[in-house]
Amino acid sequence: MEPLGREFFRQDTVKVAKALIGKLLEVDRIRMRIVETEAYKDDQASHARTYTERSRLMFETYGHIYVYLVYGMYHCLNITTDEGPGAVLIRALDGEGCDGPGKLCRKLDITLKDNGQPLGRRFRILDDGQEPEIGTSERIGIRKDTHLRWRFYSKERQHPHR
DNA sequence: TACTGGATTCACT
DNA sequence: GTGAATCCAGTAA
């Protein structure tokens, strides 16, 4: 089972977010299926609204790990995409205690120390050939012109949830 | 240097 | 449904 190459992440952010549903995230030797993602593309309410030291990765890389701290206590795992600013937030994995972006980072010990590294080291994305079952997708955000986020759920994730 | 608020979660009512 | 925890990057001064 070959890990996805970095070039895969060079394409449109929303396409990557959708395609990642059903893929396997490997961290160290632990593999879990991705069941919820969110695309951040040209979102004026996201880190990508300005070019800063923190957001630089979203502008200049694809296929790299982007981790940041929210609310002073939770980390969020993203993979940078596209040739412009963009990233996909990994929101949930099919595993115990991984049903939220902050929770999966806590479970897998993902912190700022992981920020900026390319895929292929500690982190890999694997495709085991299983057809992705996209349950729902929804557009997140209040303002139509500034919030451009799309969230994708696997079929199994969608049902018992929300 | 000081202030502000967030790509969340959990414990309450 | 509401609010607190907690800290750092970004911004303004």
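Per chain, numbering begins at 1; letters A, B, ... match sequence-line order. When reading the values below, keep in mind they use all heavy atoms of this one structure, side chains included, and skip hydrogens, waters and symmetry mates.
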Judged by atom type as modelled, is there a donor-acceptor pair below 3.5 Å linking the side chain of A:R49 to the main-chain atoms of A:S46?
-> yes

Base paired to B:dG6 (Watson-Crick or G-U; both N/O distances under 3.5 angstrom) | C:dC7

Figure out the NE2/C1' separation between A:H75 and C:dA9, and round it to whole Å.
-> 14 Å

Output the single nucleotide from C:dC8, C:dG10, B:dT9 whose closest atom is nearest the side chain of A:Y74.
-> B:dT9

Hey, are A:Y62 and A:E7 close enough side-chain-wise for a donor-acceptor pair under 3.5 Å?
-> yes

Could you check whether A:Y71 and the base of B:dT8 form a stacked pair, meaning centres closer than 5.5 Å and planes differing by less than 30°?
-> yes

Ring of A:Y40 versus six-membered ring of B:dA7: centres under 5.5 Å and planes under 30°?
-> yes

So which nucleotide from C:dT11, C:dC7, B:dT9 ends up closest to the side chain of A:P101?
-> B:dT9

Nearest-nucleotide pick for A:M73, side chain only, options being C:dT6, B:dA7, C:dA9 = C:dT6

Any A:R49 side-chain nitrogen or oxygen under 4.0 Å from OP1 or OP2 of B:dA7 | no

Rounded distance in Å - CG (A:L69) to C1' (C:dG10) | 14 Å

B:dT8 C1' sits how many Å from A:R106 CZ, rounded?
-> 10 Å

Between A:T37 and B:dA7, is there a side-chain N or O to OP1/OP2 distance below 4.0 Å?
-> no

Nucleotide nearest A:R54 (side chain, heavy atoms from C-beta), chosen from C:dT11, B:dA7, C:dA9 | C:dA9

Main-chain N/O of A:S55 paired with A:T52 side-chain donor or acceptor, under 3.5 Å = yes

Check the distance between C:dT11's C1' and A:Y51's OH and give it to me in whole angstrom.
-> 18 Å

Flag the pair A:R122 and A:D114 as a salt bridge only when some basic side-chain nitrogen lies within less than 4.0 angstrom of an acidic carboxylate oxygen.
-> yes

Strictly by modelled atom types, are A:Q117 and A:Y66 linked by a side-chain donor-acceptor pair under 3.5 Å?
-> no

For A:I90 and B:dT8, give me the distance from atom CD1 to atom C1', rounded to whole Å.
-> 16 Å

P atoms of B:dA2 and C:dT6, separation to the nearest Å = 22 Å

Euclidean distance, atom CD of residue A:E53 to atom P of C:dG10 [Å, nearest integer] = 8 Å

Give a yes or no on whether a donor-acceptor pair under 3.5 Å exists between the nucleobase atoms of C:dA9, that is its base, and the side chain of A:Y68.
-> no

When you check the phosphate oxygens OP1 and OP2 of C:dA9, does a side-chain N or O of A:H47 lie under 4.0 Å from one of them?
-> no

Select base, sugar-phosphate, or nothing to describe what A:G72 touches, counting heavy atoms under 4.0 Å on all strands.
-> base

Write down the distance between CG (A:D99) and C1' (B:dT8), rounded to a whole number of angstrom.
-> 12 Å

Give a yes/no on whether any side-chain N or O of A:R91 is located under 4.0 angstrom from OP1 or OP2 of B:dT8.
-> yes

Main-chain N/O of A:K15 paired to A:D12 side chain as donor or acceptor, under 3.5 Å = yes

Interatomic distance, A:L57 CG vs B:dA7 C1' [rounded to whole Å] = 16 Å

